[in-house]
Structure formats: C-alpha cells, structure tokens
Amino acid sequence: MSEIAERVKQIIVEKLGVEESEVTTEASFTNDLGADSLDTVELIMEFEKEFNISIPDDQAENIGTVGQAVTYLEENVK
Amino acid sequence: MSFKRVVITGIGALTPVGNDAPTFWKNLVAGVSGAAPITRFDAERFRTRFACEIKGLDINDYIPRQEARKMDPFTQYAVIATDEAMKDAGFDTDKLDLDKAGVIWGSGIGGLKTFEDEVMNYSEGGRNPRFNPFFIPKMIADSASGVLSIRYGFRGPTFITVSACASATNALIDAYYYIRLGVMKVCISGGSEAAVTNAGVGGFNALKALSERNDSPETASRPYDKDRDGFVLGEGGAALILEEYEHAKARGAKIYAEMIGAGMSSDAYHITAPHPDGIGAFNVMKNALEDAGIQPEEIDYINTHGTSTPIGDPQEIKAIERFFGDHAFKMNISSTKSMTGHLLGGAGAIEAAACIMAIQDQVIPPTINHFTDDPEINPRLNLTFNTSQKREVKVALSNTFGFGGHNASVIFRKLED
C-alpha cells in the first residue's frame with residue numbers, strides 16, 4: 001500500500017468511525033462506509049487539507065470510493 | 001376550553017458546579033463556586049481570564065465520537081442534560097404518543113464555537129471559500145432542538161427560543177403554554193449555552209459586562225455585594241421534562257412540582273441596559289403571578305436574575321420591593337449565579353431546576369460571596385447570603401432578563417391535588 005493510500009485510510013477511519021478492515025479499495029463512502037452526502041464533502045475537504053491540494057468540484061464528484069480517492073491523489077499530489 | 005395542568009417529571013443538568021442534577025443541587029446548597037481560570041482557549045491576552053466552565057467532562061462518555069463531532073458544544077450539552085432528564089422521567093417510550101411530544105429548547109447564541117472555528121479557518125486558510133458541510137447545521141441555534149427531536153423521535157412541535165439570557169425561560173414558557181392548550185402531552189425543555197470562546201469572552205469584555213477579578217475567580221460572581229464588577233460567564237445547561245398532569249398521573253410518574261405561571265414583558269428601553277426604574281422587571285413578575293392566579297404573599301422564594309453587574313442587580317431588587325411590599329422581607333431571595341456564573345441562554349433552565357429542587361428539599365441555595373453590604377440594597381431583604389437556609393418552600397419564582405430588554409419569569413409550586 002502506498003503512503004498516500006495509508007494516509008487516506010487513516011482519514012476515513014477517523015472521520016467516519018469505521019474499522020480499518022472495512023476501508024477496502026472498492027468500498028464506497030456512501031454504500032459501504034455509512035457516509036451521507038455531507039460526510040463525503042467533508043472527506044474531500046480533509047483530503048485537500050492533508051495533501052495540501054485543491055480538488056475542483058467536478059473532480060470531487062467522481063470520488064465515491066476509497067480506490068477513486070487514492071488514484072486521484074496519487075495522480076495529483078506532487 | 002379548560003387549560004391542562006403542567007408538571008415537571010424529569011430533571012437533568014450539566015453545569016459548572018456539577019455534571020448531573022443531583023451533584024449540581026448538592027453543590028448549590030453547599031455554596032460551591034464553579035469559577036476557575038479559562039481552559040477552553042488561551043485567554044492570556046483577554047481582560048477576563050476566568051469563567052465557570054464544566055469540569056471533568058468527556059463528551060465521548062455520553063455521545064459516540066462520530067455523532068458528537070457533528071454537534072456544537074451547546075448541542076452536546078443539550079443532549080447530555082436531556083438524556084439524564086429523560087431517564088429520570090422514566091417514560092415507557094413504546095407507550096408515548098410521539099406526535100404529542102415536543103422539544104422547545106433555549107439558547108441565546110447557538111453554535112458560537114463552530115462559527116468562530118470556521119471563520120478562523122477560512123481566514124487562516126488564505127480565504128479559500130471551502131466551508132465544512134456541517135458548519136451551518138452545527139451552528140444554527142435550532143440544531144439543539146433538531147438533534148433532540150431526532151434522538152427521541154419526538155414529532156410534535158420542536159424549535160428554539162432566542163431572547164438572550166431569558167432564552168431558556170422563554171422555552172419553558174412555550175412548552176408550558178402548548179401543554180396547557182393540549183397541543184402536546186410531553187415536552188423536553190430547557191436551554192444550553194457554550195460561549196466560553198475567544199469571541200464570547202472578547203465580546204462581553206468589550207461591553208464591559210464581565211468581572212475582571214482575575215486574582216480571585218471564585219469570589220468574582222458576587223451579586224448584591226458592594227464591590228461586584230460584572231458577571232462571570234458560565235457554560236452548560238439543564239433539561240426539564242414538562243408533562244400534562246393527567247398524563248403523568250396515569251403512568252404513575254414521579255412529580256417534582258407543578259408549573260403554575262409564566263410572565264413575559266419587555267423594557268422597550270435599551271439594547272443592553274435594563275430600565276433604570278425596573279419597569280420590565282416589575283411587570284414580568286406581576287404578569288407571572290396573575291397568570292398563576294396567586295397572591296404576592298404566596299411566593300416563598302425568588303431565584304433572581306442577579307448577574308453581579310453594578311447596574312442590573314439593584315433594579316431587580318427594587319422592583320421586587322416595589323411589587324411585593326412588606327412580603328419582600330419575608331421571602332427568601334438568592335442568586336445562584338454567584339456559584340454557577342451566568343449561563344446566558346441556559347440560565348433560565350438551571351435556575352428553574354434550582355427552584356424545583358428547593359421545593360423538593362425545602363432549602364434555599366445561597367447567594368455566595370457576600371462581603372460588603374451595598375447601600376443600594378435594602379438590608380431588610382433576606383438575600384440568603386453565603387449559606388443555604390432551611391425553610392418551608394411551596395412556591396418559587398425564577399426571573400430572567402435578556403439583552404434586548406426581554407424579561408421572562410416562571411412560577412413552580414409544590415404539587416397539591
């Protein structure tokens with residue numbers, strides 16, 4: 001697991017109060033991890049803060065799973 | 001249509017002198033001060049560096065972390081106090097008509113810390129307009145009533161009352177009216193505040209409303225003392241379960257007291273200063289007694305607004321003397337803010353609780369920190385200085401006055417069939 005993936009996982013565990021084992025690559029924030037739409041917006045904000053980047057809204061809309069978040073961040077974090 | 005009778009069947013409190021109702025009451029009767037140096041934020045540069053904070057509280061002992069982080073502290077306090085009150089009331093929730101159960105809460109400000117944190121974050125983050133999605137739902141004052149409604153499934157009227165330091169009393173009054181009218185059978189009511197923040201202390205400091213007795217926090221709140229220099233900010237709140245009398249009797253509920261009257265008035269004078277002639281204070285007591293249909297001589301105890309400000313204290317006392325005449329010297333009067341500090345929109349709730357417990361235990365909690373008589377305060381009045389006093393208490397009145405000139409009073413009586 002990449003360092004980015006590990007940090008993403010920790011944020012999700014912290015914000016959504018889920019077990020680490022639940023945070024799989026395929027896990028959907030809303031369908032699998034109990035997030036509502038507001039939680040998801042908050043997660044995106046946490047990723048922005050943690051990785052010091054700005055995720056445009058149209059990109060943020062495509063981040064619905066753990067894997068999608070990791071992929072986006074790996075491609076965009078310098 | 002005849003009015004329904006309203007009784008109190010549950011009490012919960014989370015205060016600077018106790019994190020549950022029994023501890024709160026025990027410490028009030030013992031004359032314990034809740035004031036201490038501020039720990040909520042770094043107050044080093046503030047003119048006032050102490051407050052009456054809640055002590056030894058781990059929110060997560062009461063509310064799971066994931067839920068708690070979506071609530072401003074004032075809502076967390078509302079939940080903790082209400083959980084205690086609901087447990088105390090002992091409802092069999094399966095038998096409760098949830099459409100006839102409401103929540104009317106009071107808060108003077110709402111989510112001040114949430115607002116402050118988000119705006120600071122915005123400012124420090126290069127003004128990037130990314131706000132937390134929970135910012136608004138956490139900050140708005142009605143979030144407390146919303147969260148409580150969801151928590152207990154209460155589907156009757158639920159809302160918040162805002163009248164500064166009279167907020168919780170206005171909440172109790174609305175709950176009382178709606179039960180009286182038959183709109184509700186049961187109502188969670190009370191109020192909470194969490195204003196010990198940079199902006200809360202700084203804002204009240206700017207008004208020169210707070211005591212600046214930093215070298216002796218525990219003696220700073222001294223209502224009616226000649227050397228009082230302002231109020232001490234407090235935080236927390238209390239929840240009361242108001243219930244229609246027949247409903248309570250039918251389920252065999254423990255009944256603390258009956259709520260028999262409510263009064264409201266306004267000064268129509270100044271946005272922060274009370275009317276110098278105490279017109280509003282006089283009228284609110286008059287209105288409450290008229291509503292209760294009782295004579296002035298029946299009041300045994302007044303829990304005053306008495307915040308320990310130079311201007312506010314004497315005008316209320318003079319209104320009491322003027323309204324009650326000779327009886328003013330026969331009743332007990334005290335300001336429990338001498339111990340709890342001023343909980344702003346939560347004050348009316350903890351003080352109503354104090355009135356009810358005074359009726360329950362037949363003892364008057366004191367006005368602590370009395371050192372020097374004030375020539376403006378008539379020494380013939382029994383202000384219950386420094387130690388609690390045992391006496392027969394059948395009827396108790398609680399006064400609260402808010403910035404804006406809002407005055408609200410409520411009256412409780414020992415239950416008589």
Side-chain angles (χ1 to χ4, degrees), chain A residues 4 6-24 27-66 68-73 75-78, chain B residues 57-76 78-80 83 110-153 158 160:
Chain A
I4 284 179
E6 189 53 42
R7 281 156 74 189
V8 165
K9 193 178 196 172
Q10 287 311 316
I11 289 169
I12 295 168
V13 166
E14 162 83 13
K15 284 290 164 191
L16 300 182
V18 291
E19 296 296 327
E20 279 197 33
S21 58
E22 296 174 72
V23 189
T24 59
S28 151
F29 301 139
T30 50
N31 296 333
D32 303 316
L33 300 176
D36 63 19
S37 59
L38 298 182
D39 292 312
T40 308
V41 177
E42 198 186 28
L43 271 183
I44 298 292
M45 288 181 62
E46 285 301 316
F47 297 149
E48 290 183 322
K49 201 156 60 173
E50 173 74 17
F51 297 102
N52 196 26
I53 62 165
S54 178
I55 306 175
D57 287 347
D58 58 341
Q59 303 286 318
E61 281 166 17
N62 298 325
I63 300 174
T65 68
V66 177
Q68 285 164 354
V70 172
T71 305
Y72 180 86
L73 292 166
E75 284 170 4
N76 291 279
V77 174
K78 290 176 194 83
Chain B
L57 178 74
D58 184 348
I59 297 290
N60 300 322
D61 289 347
Y62 300 83
I63 311 168
R65 203 171 53 86
Q66 293 308 318
E67 278 181 58
R69 73 179 184 84
K70 296 179 185 176
M71 300 174 191
D72 184 85
F74 95 101
T75 300
Q76 295 169 352
V79 166
I80 293 168
D83 280 357
L112 184 60
K113 181 172 193 304
T114 298
F115 189 85
E116 188 178 307
D117 288 349
E118 282 293 316
V119 174
M120 299 267 274
N121 195 39
Y122 169 64
S123 176
E124 286 163 5
R127 304 213 171 180
N128 175 17
R130 276 272 195 215
F131 286 86
N132 189 293
F134 297 105
F135 167 33
I136 301 292
K138 271 171 79 172
M139 177 268 291
I140 50 179
D142 64 289
S143 62
S145 52
V147 163
L148 292 173
S149 161
I150 295 163
R151 193 170 180 87
Y152 292 103
T158 66
I160 201 109

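Naming convention: chains lettered A, B, ... in sequence-line order (proteins, then strands); numbering from 1 in each chain.
- When every heavy atom of A:Ile53 is checked against every heavy atom of A:Tyr72, the shortest pair comes out as CD1-CE2, 4.1 Å.
- Within the 4.5 angstrom heavy-atom criterion, atoms from both the backbone and the side chain of A:Lys15 approach chain B.
- Judged as a side chain to side chain donor-acceptor pair (under 3.5 Å), and not counting sequence neighbours, A:Glu19 has no contacts.
- Both the backbone and the side chain of B:Arg130 come within less than 4.5 Å of a heavy atom of chain A.
- In this structure, chain B has heavy atoms under 4.5 Å from both the backbone and the side chain of A:Glu14.
- Every residue two or more places apart in sequence or in another chain that forms a ring pair (Phe, Tyr, Trp, His ring centres under 6.0 Å) with B:Tyr122 is listed here: B:Phe131.
- Of all heavy-atom pairs spanning B:Val147 and B:Met71, the tightest one is CG1-CE, 3.9 Å.
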